[in-house]
Colleague: 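Handing you this structure, nothing more for now.
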Amino acid sequence: MSPSMSPFNSTAMKRAKTGRGRPIQQGEEKAMARRPDDEYDYLFKVVLIGDSGVGKSNLLSRFTRNEFCLESKSTIGVEFATRTLQVEGRTVKAQIWDTAGQERYRAITSAYYRGALGAILVYDTTKQTTFENVSRWLKELRDHADANIVIMLIGNKTDLKHLRAVATEDAQVFAEKEGLSFVETSALEATNVEKSFQTILSEIYRIISKKSLSSNEPAPSGIKEGKTLVVGPQETNTKKACCSS
Ligand SMILES: Nc1nc2c(ncn2[C@@H]2O[C@H](COP(=O)(O)OP(=O)(O)O)[C@@H](O)[C@H]2O)c(=O)[nH]1
Ligand SMILES: [Mg+2]
């Protein structure tokens, strides 16, 4: 792959903060008027994958809205949620994409993976088959995502201790073998959710910053310092009613 094809060049969005001393760029004024506090250094797209029912949507709602839903409901259409946070001293806007149940039919399209810098691969610690299917999801990533994508393995639902079916060590050994970072979480109890997202965002940041330091290549055409590059639809995030926090 040519360097300009890599998402680390083409879609890691470095956005100059809209501060004094820089002229407002075309189109920016409008965006600022709409969301005056939306300032960030980087925008990272991360996709959630894994079998249906493992808790992807709840990990997302826990991370972005601090909400959890006991009842399971499929959402319509691909959607993402965002949260802006500090990562390694930088303001990062995490744009986390969630499936709309297509994983049930193994029908996730390549558009879902396009421009993703990270993938969070979730299994359910109480369901062995969801762990066995992790290998299939890794293959899916190899086939559809960029080769440099940062992958994190998450074993979710640790609150259901009496139902545990996948040993922590087994997942740890597997993750090490595959070179993935690994965390066990409970979206219900909000255990390690923050930590897992922070970990993958930090990993992405480290790769991006190393890359821009060591790169002697000119920026790919169309990418200029201070410009916002858009990956996927901007703020088409649909508001869903959910339950308690
Ligand atoms: N006990 C428990 N249930 C969870 C947890 N995360 C999700 N669930 C439940 O598992 C079901 C599926 O969750 P959902 O987020 O829709 O999974 P998805 O299909 O992977 O998006 C729902 O009934 C959730 O309430 C968790 O950490 N602990
Ligand atoms: Mg879901």
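Every number for a ligand or one of its atoms is a count from 1 in the order of the listing.
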Colleague: Given 3.5 Å as the limit, does a donor-acceptor pair link the side chain of Tyr113 with the main chain of Val47, or not?
Modeller: no
Colleague: Do any N or O atoms from the side chain of Gln198 and from the backbone of Gln86 form a donor-acceptor pair under 3.5 angstrom?
Modeller: yes
Colleague: Tell me whether Asp98 is salt-bridged to Lys56, with the criterion being a basic N under 4.0 Å from an acidic carboxylate O.
Modeller: no
Colleague: Using distance alone, determine whether Leu188 and ligand 1 share an N or O pair under 3.5 Å.
Modeller: yes
Colleague: Which of these, Lys157, Glu184, Glu189, Arg104, has its nearest heavy atom closest to atom 3 (N) of ligand 1?
Modeller: Lys157
Colleague: Looking at Thr158, Asn192, Asn156, Thr125, which one forms a side-chain hydrogen bond (donor to acceptor under 3.5 Å, both in side chains) with Thr185?
Modeller: Asn156
Colleague: Pull out every atom of ligand 1 sitting under 4.0 Å from any heavy atom of Cys69, numbered as shown with elements.
Modeller: 24 (C), 25 (O)
Colleague: Output yes when the distance from some N or O of ligand 1 to some N or O of Leu160 is under 3.5 Å, and no in every other case.
Modeller: no
Colleague: Flag Asp98 as yes when one of its N or O atoms lies below 3.5 Å from any N or O atom of ligand 1, and as no otherwise.
Modeller: no
Colleague: Are any of the side-chain nitrogens in Glu39 or Lys93 under 4.0 Å away from the carboxylate oxygens of its partner?
Modeller: no
Colleague: Test salt bridge (Lys or Arg N to Asp or Glu O under 4.0 Å) on Glu88 and Arg206 and set out the steps.
Modeller: CA-CA 9 Å; Glu88 314 271 329; Arg206 279 198 287 273; 3.1 Å; yes
Colleague: Looking only at heavy atoms, what is the nearest atom pair of Leu153 and Ala175, with distance?
Modeller: CD2-CB, 4.2 Å
Colleague: If the test is ring-ring contact (aromatic ring centres under 6.0 Å, His included), which one of Phe63, Trp97, Phe44 qualifies with Phe80?
Modeller: Trp97
Colleague: Looking at ligand 1, does any of its N/O atoms fall within less than 3.5 Å of an N/O of Asn156?
Modeller: yes
Colleague: Go through ligand 1 atom by atom and flag the ones less than 4.0 Å from a non-hydrogen atom of Ser186.
Modeller: 27 (O)
Colleague: Under a 4.0 angstrom heavy-atom cut-off, which atoms of ligand 1 come close to Ser57?
Modeller: 15 (O), 21 (O)
Colleague: Could you list which atoms of ligand 1 come closer than 4.0 Å to a heavy atom of Ser52?
Modeller: 19 (O)
Colleague: What atoms in ligand 1 come closer than 4.0 Å to a heavy atom of Ala187?
Modeller: 6 (N), 26 (C), 27 (O)
Colleague: N/O/S of Ser57 less than 2.8 Å from the Mg ion (ligand 2)?
Modeller: yes
